[in-house]
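What follows is a single structure, written as structure tokens, with notes after it.
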Amino acid sequence: MHIPGRTFVVSGGCSGLGQACVRLLHNLGGSIAILDLDASKGEQLAQELEQSQRESQGRVKFFEVDVSETESIQHAVRGITEWVKSTGHELGGVIPAAGVGLPGKVLDRSDEPISLDSIDYVLNINLRGTLDLIRQLIPHIAKNKPLSPDLERGVLVLVSSTAAFEGQIGQLAYSASKGALASVTLVLARDLASHGIRCVTIAPSLFETNMTAMMGDKVRKGLESVLEFPKRGGNPEEFASLVREIIENKMLNGTVIRLDGGTRMPSRL
Ligand SMILES: NC(=O)c1ccc[n+]([C@@H]2O[C@H](COP(=O)([O-])OP(=O)(O)OC[C@H]3O[C@@H](n4cnc5c(N)ncnc54)[C@H](O)[C@@H]3O)[C@@H](O)[C@H]2O)c1
């Protein structure tokens, strides 16, 4: 998929991994629909990118969205499709990067089971929010004029986690959500193959973002001792660089790629 002249939808685009994708794809000539809960950051980022280069004008738009609310996605999708019609830059792909973590052991210190609310909160954003966003955008991508020579129409890049495979203590809901995204990768690729739409999932280990910035010193020290190479968390630009490769390389399909510097997370840090 060529990036210039196509529109990419990035949820969670205001921060961390999503924001790095927004910046890179915009820099490479793509049009970007930024979806996020954080309206002030979103408007600010869109304005900054609009002013970054002369030819940037009209290539970025922010939509305030809560991906756990289907009407909120519906409203944004309506706006995105109108915008795409006006620019002529067809939808090229979706990067559903909105996500949250909420630690909680299945039994807490008082032997109380984890609340269903905390499980629902994580699943509704990470899993249901991802599938709902894809579900609502895919009919529009499937109507794209296919691109020669392979008749490609679009690409989905899902964001899982190494917690899909090595969930740590307290990651019940988070691992459930990320494991499910890894599982549906092949299903989406198979379901959408006849439409010329690919699906690839990235499973990052620790990346330096707002999500991980709150980590205490003890955990960080523990982490450094288990990292293989390099001995640091990934930076969001390294994540975005893999997203670019996935978008541009049509042979990548139906697979989950670990982006983890060889690290296998232990039970606890
Ligand atoms: N940082 C890591 O180490 C790491 C590792 C593996 C996977 N991930 C995954 O990468 C994705 C991005 O995480 P990040 O580290 O960039 O986190 P981040 O906190 O920096 O960014 C997440 C963004 O998602 C937005 N968001 C949260 N809930 C939302 C909702 N309901 N609707 C719309 N937007 C919402 C936030 O406002 C924020 O802008 C997440 O799915 C996360 O699980 C992160």
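Remember, it's 1-based here, ligands and their atoms both numbered in the order they're listed. Please read these numbers as outputs of a predicted model, since none were measured by experiment. The figures here come from the full heavy-atom set of this structure, side chains too, leaving out hydrogens, waters and symmetry mates.
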_Heteroatom proximity flag, Phe207 to ligand 1, N/O under 3.5 Å_ = yes

*Relative to atom 40 (C) of ligand 1, which among Gly13, Gly129, Gly234, Ala97 owns the nearest non-hydrogen atom?*
Ala97

*Winner among Ser15, Ser11, Gly16, Ser205 once heavy atoms are compared against atom 18 (P) of ligand 1*: Ser15

*Would you indicate whether the side-chain heavy atoms of Phe207 and Asn235 approach each other to under 4.5 Å?*
no

_ligand 1 atoms in contact with Thr212 (distance to a heavy atom under 4.0 Å)_ = 1 (N), 2 (C), 3 (O)

*Can you figure out which of Ala39, Ser160, Gly18 has its heavy atom closest to atom 7 (C) of ligand 1?*
Ser160

*Quick check: does Val100 get an N/O under 3.5 Å from an N/O on ligand 1?*
no

*Could you say whether the N/O atoms of Thr209 and ligand 1 ever approach to under 3.5 Å?*
yes

*asked:* Considering both backbone and side-chain atoms of Lys178, is one of its nitrogen or oxygen atoms within less than 3.5 Å of a nitrogen or oxygen in ligand 1?
replied: yes

_At less than 4.0 angstrom from any non-hydrogen atom of Ile125, what atoms of ligand 1 do you find?_
28 (N), 31 (N)

_With a 4.0 Å cut-off on N to O distance, would you call Arg198 and Glu152 a salt bridge?_
yes

*Under 3.5 Å between some N or O of ligand 1 and some N or O of Asp66?*
yes

*asked:* Within the structure, is a non-hydrogen atom of Glu69 found at a distance of less than 4.0 Å from ligand 1?
replied: no

*Under 6.0 Å from the CZ atom of Phe165, do we count more than 12 heavy atoms belonging to anything else shown?*
yes

_Subset of ligand 1 atoms that lie under 4.0 Å from at least one heavy atom of Gly12_ = 23 (C), 24 (O), 25 (C)

*Is atom CZ of Arg264 surrounded by more than 12 heavy atoms (other residues, nucleotides or ligands) closer than 6.0 Å?*
yes

*Mark up the atoms of ligand 1 that fall under 4.0 Å of a heavy atom belonging to Tyr174, in ascending order.*
6 (C), 7 (C), 8 (N), 9 (C), 42 (C), 43 (O)

*Part of Thr162 within contact of ligand 1 (heavy atoms, under 4.0 Å)*: neither

*CD/Glu248: more than 12 non-hydrogen atoms of other groups inside 6.0 Å*: yes

*Given Asp36, Ile34, Leu37, which has its nearest heavy atom closest to atom 36 (C) of ligand 1?*
Asp36

*Measure from atom 26 (N) of ligand 1 to every heavy atom in Ala98, Gly42, Ala20 and give the option owning the shortest one.*
Ala98

*For ligand 1, which atoms, with element, lie under 4.0 Å from some heavy atom of Val159?*
9 (C), 10 (O), 11 (C)

_Identity and separation of the nearest protein heavy atom to atom 16 (O) of ligand 1_ = Leu17 N, 2.8 Å

*Look at the side-chain heavy atoms of Ile, Leu, Val, Met, Phe, Trp and Tyr, link any pair under 4.5 Å apart, and say whether Val60 and Val84 land in one connected group.*
no

*Looking at side-chain heavy atoms only, is the closest gap between Ile32 and Val9 below 4.5 Å?*
no

_Other residues, nucleotides, ligands: >12 heavy atoms within 6.0 Å of Lys105 NZ_ = no

*Under 4.0 Å from any heavy atom of Leu206, which atoms of ligand 1 are there?*
3 (O)

